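This report refers to the structure that appears directly beneath it.
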Amino acid sequence: GGPVTVDEEFVRFANGEQDTMAGTLTSGPIASDDGDSAWRGFAERYGQAFPAGRKGPSIYAYAYYANMRALLLALNDVNGELDPGHEDLRVALADLWLETPTGRFSLDNNRQGVVTNFVMELARRGDGGLRRVVVDRVRRVDQSLDLGRRAWLALGTPGRGTPVCR
């Protein structure tokens with residue numbers, strides 16, 4: 001599953017199903033146990049801003065933060081001027097890259113985010129419960145999963161048999 005499939009809410013549910021859920025792999029653009037100092041600082045500031053909220057930022061809170069930051073930087077680049085069709089703003093966004101709490105963020109030629117992603121596994125905690133553990137951090141993941149546009153398109157339309165699992 002993806003980041004929304006195996007989020008912290010799912011982990012709470014899965015704690016009642018440790019025998020069948022342990023070892024489940026997932027991935028996504030945030031990892032609550034990311035040890036990077038930029039993420040830890042972001043999560044700490046988030047907790048201070050929302051003390052009655054979740055333990056840390058959700059995928060949605062992080063996405064809102066990164067997207068709004070990008071928009072504000074692009075608006076600054078065009079001096080807040082929005083021409084008809086917002087062409088100058090679109091160019092500013094297309095050319096923009098920024099450092100986020102999880103790494104560099106930019107857009108590809110299809111205006112899709114190129115971001116760091118984490119591979120995580122549901123692993124048992126010392127008390128027998130489950131938690132997501134980072135297995136790998138992959139920087140600059142693009143829409144074609146780093147295969148390149150031509151190779152990605154050659155795989156065909158995604159479906160039950162495409163791409164072939166090996």
Side-chain angles (χ1 to χ4, degrees), residues 1-11 24-47 49-50 53-121 132 134-166:
V4 178
T5 305
V6 184
D7 66 357
E8 293 303 321
E9 297 301 318
F10 180 87
V11 172
T24 299
L25 292 175
T26 186
S27 64
I30 66 168
S32 55
D33 66 340
D34 178 8
D36 187 81
S37 62
W39 176 259
R40 285 193 320 266
F42 176 72
E44 184 178 312
R45 289 187 304 278
Y46 182 89
F50 303 102
R54 299 171 46 108
K55 180 179 169 188
S58 69
I59 188 172
Y60 304 108
Y62 173 71
Y64 294 147
Y65 165 81
N67 293 332
M68 180 54 74
R69 185 156 175 246
L71 178 60
L72 292 173
L73 289 169
L75 280 168
N76 189 55
D77 283 352
V78 298
N79 298 314
E81 298 291 328
L82 296 177
D83 56 322
H86 310 292
E87 287 304 315
D88 290 342
L89 180 63
R90 291 171 193 261
V91 169
L93 283 167
D95 292 342
L96 180 74
W97 69 267
L98 63 120
E99 287 297 327
T100 72
T102 61
R104 183 180 254 196
F105 173 89
S106 63
L107 298 176
D108 67 12
N109 291 336
N110 288 331
R111 296 178 304 280
Q112 298 295 309
V114 179
V115 299
T116 298
N117 269 265
F118 299 88
V119 178
M120 295 164 280
E121 178 181 2
R132 293 188 309 175
V134 174
V135 175
D136 197 9
R137 170 189 222 133
V138 184
R139 298 189 188 276
R140 310 277 309 137
V141 176
D142 65 9
Q143 185 180 26
S144 67
L145 302 177
D146 208 26
L147 293 174
R149 181 172 171 76
R150 184 168 283 146
W152 177 258
L153 291 175
L155 293 174
T157 303
R160 287 202 171 271
T162 309
V164 176
C165 292
R166 297 178 188 159

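What you see is a predicted model, and the numbers here were worked out from it, not measured in a lab.
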About how many Å separate [atom2] of [Y] and [atom1] of [X], when rounded to the nearest 0.5 Å?
{"X": "Asp77", "Y": "Leu96", "atom1": "CG", "atom2": "CG", "answer": "7.0 Å"}
{"X": "Leu73", "Y": "Met68", "atom1": "CG", "atom2": "CE", "answer": "11.5 Å"}
{"X": "Met120", "Y": "Leu25", "atom1": "CE", "atom2": "CG", "answer": "10.0 Å"}
{"X": "Asn67", "Y": "Leu71", "atom1": "CG", "atom2": "CG", "answer": "9.0 Å"}

**Asked** Would you say the ring centroid of Tyr60 lies under 6.0 angstrom from that of Tyr64?
**Response**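 They do not qualify: ring centres at least 6.0 Å apart.
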**Message:** Using a 3.5 Å distance criterion without hydrogens, assess whether the side chain of Arg69 forms a donor-acceptor pair with backbone atoms of Glu99.
**Reply:**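 Yes, Arg69 side chain to Glu99 backbone: donor-acceptor pair under 3.5 Å.
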**Prompt:** So, Asn76 side chain and Leu72 main chain: donor-acceptor pair closer than 3.5 Å or not?
**Reply:**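 Judged by distance alone, no pair lies under 3.5 Å.
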Which atom of [X] lies closest to which atom of [Y], heavy atoms considered:
{"X": "Val134", "Y": "Ala31", "value": "CG2-CB, 3.5 Å"}
{"X": "Asn117", "Y": "Gly28", "value": "OD1-C, 3.2 Å"}
{"X": "Trp39", "Y": "Ser32", "value": "NE1-O, 3.8 Å"}
{"X": "Ile30", "Y": "Pro57", "value": "CD1-O, 3.7 Å"}

**Request:** Name all residues meeting the ring-ring contact (aromatic ring centres under 6.0 Å, His included) criterion together with Tyr65; count only those two or more places apart in sequence or in a different chain, and write none if there are none.
**Result:**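 Per chain and number, Tyr65 pairs via ring-ring contact (aromatic ring centres under 6.0 Å, His included) with Phe42.
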**Asked** Mind checking what makes side-chain hydrogen bond (donor to acceptor under 3.5 Å, both in side chains) contact with Arg137, not counting sequence neighbours?
**Response**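 Asp34.
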Atom pairs and distances, side-chain donor-acceptor, residues 140-149, under 3.5 Å, sequence neighbours left out:
residue, atom, partner, partner atom, Å
Arg140, NH1, Ser106, OG, 3.1
Arg140, NH2, Ser106, OG, 3.3
Asp142, OD1, Ser144, N, 3.2
Asp142, OD1, Ser144, OG, 3.2
Asp142, OD1, Leu145, N, 3.0
Asp142, OD1, Asp146, N, 2.7
Gln143, OE1, Asn110, ND2, 2.9
Ser144, OG, Gly148, N, 3.3

Please list, one pair per line, the donor and acceptor atoms closer than 3.5 Å that link side chains of residues 82-92 to other protein atoms, with sequence neighbours excluded.
residue, atom, partner, partner atom, Å
Asp83, OD1, Glu87, N, 3.3
Asp83, OD1, Asp88, N, 3.3
Asp83, OD2, Glu87, N, 3.4
Arg90, NE, Gly85, O, 3.0

Which donor-acceptor pairs under 3.5 Å do side chains of residues 151-161 form with protein atoms, sequence neighbours excluded?
none

**Prompt:** For Thr100, what residues pass the side-chain contact (heavy atoms from CB on, under 4.5 Å) criterion, not counting sequence neighbours?
**Reply:**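 Listed in chain order: Tyr62, Ala66, Leu98, Thr102, Phe105.
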